[in-house]
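Below you'll find the structure, written out as structure tokens, and then a few comments.
A, B, ... follow the sequence lines: proteins, then strands. Residue 1 opens every chain. What you see below is based on every heavy atom in this structure, not just the backbone, and it leaves out hydrogens, waters and symmetry mates.
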There are 2 protein chains.
Amino acid sequence: MRFVSTIQARLDGKGRVSIPASFRAVLEADGYPGLFMHPALDLPALEAGGNRLLAEIDGLIGRYPPYSEARDLIATALLGASEHLKVDPEGRIALPERFKAHAGITNAVVFVGLGDRFRLFSPDGFAAQEAEAKAKLRALKASLTGGTGAGTS
Amino acid sequence: MRFVSTIQARLDGKGRVSIPASFRAVLEADGYPGLFMHPALDLPALEAGGNRLLAEIDGLIGRYPPYSEARDLIATALLGASEHLKVDPEGRIALPERFKAHAGITNAVVFVGLGDRFRLFSPDGFAAQEAEAKAKLRALKASLTGGTGAGTS
DNA sequence: TGGGCTAACATGGGAACACATGGGCGTCAA
DNA sequence: TTGACGCCCATGTGTTCCCATGTTAGCCCA
């Protein structure tokens, strides 16, 4: 079960968004009660997931010895900046102000599946990100295939 | 269950602070009656937690041979300087003067979750710490991924 | 193949609840 | 006696739950 596809949703008057049903199904299978979310470090986006995402973060933190500076930093940046969001019976979440500000989200959200996690963008932020990603991917592919990039997509 | 997210709270006229409900839930699950707290070793902050934090401190102390100077120092700094704080029926604690002085706390506290423990800062102290952590983390990440940013965000 | 039906999903709003906060009072110890 | 501390109750605010509605997509049947 992976998070897959891109879906747009609106925020209602109370600031709630429905998590796409397909994403909810993955979370349920994952067994995490609710949704774990944190701001992306170098993107105007939010990253969210369940136990699998959390396990990855734990692994990252666990690589450093207790009381080391690196561990403190990572724990602060990843765990301190994150939130455990509750999902209401209808499958919605309320985004904290802090998160909305980071991603530039006002009244609409784009959910983007990334396998073990998914991202939340503002529609504008997503358009920008998509354009940039395409450009980078083209460059990467060119470097892989050795030139024209005229291969199978 | 881990301590996660960053929450600000005010001290009332009696010098009490509400422990955020999400943190209280973790402490309860941990089974520790009350709250274990000590000044952070190299930060103007306080560290708090329950049994998991105590276990980690024990582990840290245990790494040094009995009667060694290092062991004495660490045990004194962590255990000697620590307090067991009682939590009132509303989930509040009263911070000892000594602790407030160490962290520069006057009338507001920022709680920062770090997984197995959480920290208490003054709002100003937190802002400074956050800025520093972000900068250092970026440097650390660059050294890890080799600069492309092609890693976990 | 087309129309209608049904179920799942996204959305909206009202009411109950939990939480953070504030203050009063009794109790214990210096 | 006095101060500090712990317990109790009160209150405002934000959040969560519950129920209602519109919309979409899939399905069945003619």
Nucleotide N/O to protein N/O under 3.5 Å, stretch nucleotides 16-18 of chain C:
none

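Within residues 99-125 of chain B, no residue has a heavy atom under 4.0 Å from DNA chain D. Within residues 5-17 of chain B, the residues having any heavy atom under 4.0 Å from DNA chain D are, by residue number, B:Lys14, B:Arg16. Less than 4.0 Å separates DNA chain D from at least one heavy atom of each of the following residues of residues 84-93 of chain B: B:Lys86, B:Pro89, B:Glu90, B:Arg92.
Ring geometry, B:Phe36 versus B:Tyr32: the interplanar angle exceeds 60°, so the pair is classed perpendicular (tilted spans 30 to 60°). Aromatic ring pairs are classed by plane angle as parallel below 30°, tilted from 30° to 60° and perpendicular above 60°; the pair B:Phe111 and B:Phe118 is tilted.
Using a 4.0 Å cut-off between charged side-chain N and carboxylate O, A:Arg117 and A:Glu56 make a salt bridge. Between A:Arg24 and A:Glu28 there is no salt bridge, since none of the side-chain N atoms of the basic residue sits less than 4.0 Å from a carboxylate O of the acidic one. Ion pairing of B:Arg98 with B:Glu83 is present here, as a side-chain N (NZ or NE/NH1/NH2) and a carboxylate O approach within less than 4.0 Å.
With sequence neighbours excluded, the residues forming a ring-ring contact (aromatic ring centres under 6.0 Å, His included) with B:Phe126 are B:Phe121, listed by chain and number.
A distance-only check finds a donor-acceptor pair linking the side chain of A:Thr76 to the backbone of A:Asp72 [under 3.5 Å]. Using a distance-only test at 3.5 Å, with no hydrogens or angles considered, no donor-acceptor pair links the side chain of A:His38 to the main chain of B:Ser5. Here the side chain of A:Arg119 pairs no donor or acceptor atom with the backbone of A:Leu46 at under 3.5 angstrom. Looking at B:Asp30, its side chain does come within 3.5 Å of a backbone N or O of B:Asn51 through a donor-acceptor pair. B:Thr6 places a side-chain N or O within donor-acceptor distance of the main-chain N or O of A:Gly80, the cut-off being under 3.5 Å.
OP1 or OP2 of C:dA10 sits under 4.0 Å from a side-chain N or O of A:Arg24.
Across the protein-nucleic acid pair, B:Glu28 atom CD and C:dC19 atom P stand 10 Å apart, rounded to whole Å.
Side-chain rings of B:Phe3 and A:His84 stay apart, their centers remaining 6.0 Å or farther from each other.
Considering CG of A:Leu114 and CZ of A:Arg2, their distance stands at 12.0 Å, rounded to 0.5 Å. To the nearest 0.5 Å, the span separating CD1 on B:Ile105 from CG on B:Asp124 amounts to 11.5 Å.
Considering only heavy atoms from C-beta on, B:Glu90 stays 4.5 Å or farther from B:Arg16 through its side chain.
Taking a heavy-atom distance under 4.0 Å as the criterion, the stretch of DNA chain D touched by chain A extends 5' to 3' from D:dT16 to D:dC19.
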